[in-house]
Amino acid sequence: MSSRFADNIAIVTGGTAGIGRATCQQLVAEGATVYNLDLQAGEQEGVTHLACDVRDYGQIQAAVAQVVKKEGRVDLLFANAGIHLFAGIEDTSPEQFENVLSINLKGTFYTLKEVLPYMRAAKKGSVVLMGSDQCWVGKGQSSVYGLTKGAIAQLTKSTAIDYAPHGVRVNCVCPGSTQTALIDGAMVTFQKLSGKGPEEVEEMFHAFQPMGRMGKPEEIAAVVCFLLSPENSFMTGSIVSSDGGYVAQ
């Protein structure tokens, strides 16, 4: 494994499971010092866990301040924390709406608000925001989740423009269906709504992708790490698909 992130300080939100966990592990393997801001602990070798609810701006402030106090800077940020909601508007309660908005969108904004000043002062930094194939296309029973991801695509572009003069790059990764706890929950809900069995639903989710299968967290993490790396130093404001060809249809 290369050491392209040697001496880099990285923050990952929602790094305990799924794509976030896979990204933490790859960053560590490539030399980064990694902090995972997540409500759930989940031990990972070489990763420092800081308990943090991204819905709470004060908790994000405290966590980022703790990292900077110890390390002096933040070089890399993967704002990954998010949840899924498989429901139409009429079936979405105000509480559910607020929760998805608070985690997916407000949490991303709050994290950027705290990390970007340090990157701007250092005149360098690389940020990746967690998007979705729903940055590009709409899906049924996904109005609230989809609106947060559409907003994150726009947040990526505007922030990239604002911080390009300061040497800070901001890009967005857009996974398709990936084998994580989030997709497991969506498949269970789909089973209940459709009356189909677990195996049939899983086969359907695989078949939705032109490549005939869902993605693996490690495959998305590889794209995230490329976007974070200096290898793409002329790339900012990009919305990058990693979805087995789904949005190419």
Side-chain angles (χ1 to χ4, degrees), residues 1-2 4-5 8 10-30 32 34-38 40 42 44 46-47 54 76-84 86 103-105 107-108 111 126-137 139 142 145-146 148-150 152-153 155-156 169-187 202 205-232 235-249:
M1 186 70 76
S2 70
R4 58 182 169 171
F5 298 120
N8 276 238
I11 288 178
V12 176
T13 65
T16 296
I19 295 168
R21 184 181 184 88
T23 302
C24 285
Q25 292 172 345
Q26 184 165 337
L27 286 169
V28 168
E30 297 196 50
V34 180
Y35 289 84
N36 169 28
L37 276 55
D38 199 310
Q40 307 300 319
Q44 298 184 69
V47 178
V54 298
L76 310 170
L77 169 65
F78 178 31
N80 163 73
I83 61 171
H84 188 265
F86 191 87
I103 296 173
N104 292 8
L105 189 53
T108 299
T111 305
S126 184
V127 175
V128 174
L129 305 187
M130 175 53 87
S132 164
D133 50 14
Q134 292 188 58
C135 289
W136 298 100
V137 299
K139 291 185 177 180
S142 201
Y145 177 79
T148 65
K149 294 306 179 178
I152 283 174
L155 183 62
T156 299
R169 296 184 298 106
V170 184
N171 293 292
C172 178
V173 64
C174 298
S177 297
T178 307
Q179 292 177 311
T180 66
L182 287 184
I183 202 70
D184 289 344
M187 286 194 292
E202 185 170 355
F205 273 64
H206 283 294
F208 288 152
Q209 324 309 317
M211 290 181 69
R213 65 173 178 87
M214 289 189 281
K216 300 174 184 177
E218 295 76 15
E219 292 176 306
I220 311 305
V223 178
V224 173
C225 288
F226 169 70
L227 293 174
L228 288 172
S229 78
E231 295 172 13
N232 66 343
M235 190 173 181
T236 194
S238 294
I239 316 299
V240 180
S241 295
S242 182
D243 62 4
Y246 183 80
V247 301
Q249 298 177 103

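The first residue of the sequence shown is numbered 1, and numbering continues consecutively from there.
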Q: Take atom CD in E231; do more than 12 heavy atoms of anything else shown fall under 6.0 Å from it?
A: yes
Q: State, to 0.1 Å, how close W136 and S241 come at their nearest heavy-atom pair, and which atoms those are.
A: NE1-OG, 3.1 Å
Q: Please check this pair: side chain of N104 against backbone of I83, looking for a donor-acceptor N/O pair closer than 3.5 Å.
A: yes
Q: For K216, does the NZ atom have more than 12 heavy-atom neighbours from other residues, nucleotides or ligands under 6.0 Å away?
A: no
Q: Has N8 got a side-chain atom pairing as donor or acceptor with A32's backbone, closer than 3.5 angstrom?
A: no
Q: Take N171 and N232 through the side-chain contact (heavy atoms from CB on, under 4.5 Å) test and state the conclusion after the steps.
A: CA-CA 11 Å; N171 293 292; N232 66 343; 4.3 Å; yes
Q: For I239 and C174, which heavy atoms make the closest approach, and how far apart are they?
A: CG2-SG, 3.3 Å
Q: Let me confirm one number: the CE-CD distance from M214 to E219, rounded to the nearest 0.5 Å.
A: 12.0 Å
Q: Between Q209 and S177, is any pair of side-chain heavy atoms under 4.5 Å apart?
A: yes
Q: Which heavy atom of V12 sits nearest a heavy atom of G20, and at what distance?
A: CG1-O, 4.0 Å
Q: Do the side chain of N80 and the main chain of T13 share a donor and acceptor less than 3.5 angstrom apart?
A: yes
Q: Considering only heavy atoms from C-beta outward, does the side chain of L27 approach that of F78 to under 4.5 Å?
A: no
Q: Nearest heavy-atom pair of P210 and G245: which atoms, and what distance?
A: CG-O, 3.3 Å
Q: Measure across V28 and V47 and return the closest heavy-atom pair with its distance rounded to 0.1 Å.
A: CG2-CG2, 3.7 Å
Q: Report yes if some heavy atom in the side chain of I19 is under 4.5 Å from a heavy atom in the side chain of T180; otherwise report no.
A: yes
Q: Once ring-ring contact (aromatic ring centres under 6.0 Å, His included) is applied, do any residues pair with F208, and if so which ones, sequence neighbours excluded?
A: F205
Q: Please round to the nearest 0.5 Å and tell me the distance separating atom CZ of R213 and atom CD of E202.
A: 13.0 Å
Q: Taking atom CE of M130 and atom CD1 of I152, what is their separation to the nearest 0.5 Å?
A: 9.0 Å
Q: Rounded to the nearest 0.5 Å, what separates atom CG in L155 from atom CG in L105?
A: 7.0 Å
Q: Ignoring hydrogens and angles, tell me if any N or O in the side chain of Q26 forms a donor-acceptor pair with the backbone of V224 under 3.5 Å.
A: no
Q: Donor-acceptor pair, R169 side chain versus M235 backbone, under 3.5 Å?
A: yes
Q: Between atom OG of S142 and atom NZ of K149, what is the distance when rounded to the nearest 0.5 Å?
A: 10.5 Å
Q: Does any N or O in the side chain of T236 come within less than 3.5 Å of the main-chain N or O of V170, such that one atom is a donor and the other an acceptor?
A: yes
Q: Report the distance from atom CG of L76 to atom CD1 of I11, rounding to the nearest 0.5 Å.
A: 10.0 Å
Q: What's the shortest heavy-atom distance between G176 and D133, and which atoms?
A: CA-OD2, 3.5 Å
Q: Any chance you could lay out the side chain to side chain donor-acceptor pair (under 3.5 Å) test for N36 and T16, step after step, and finish with the verdict?
A: CA-CA 7 Å; N36 169 28; T16 296; 2.9 Å; yes
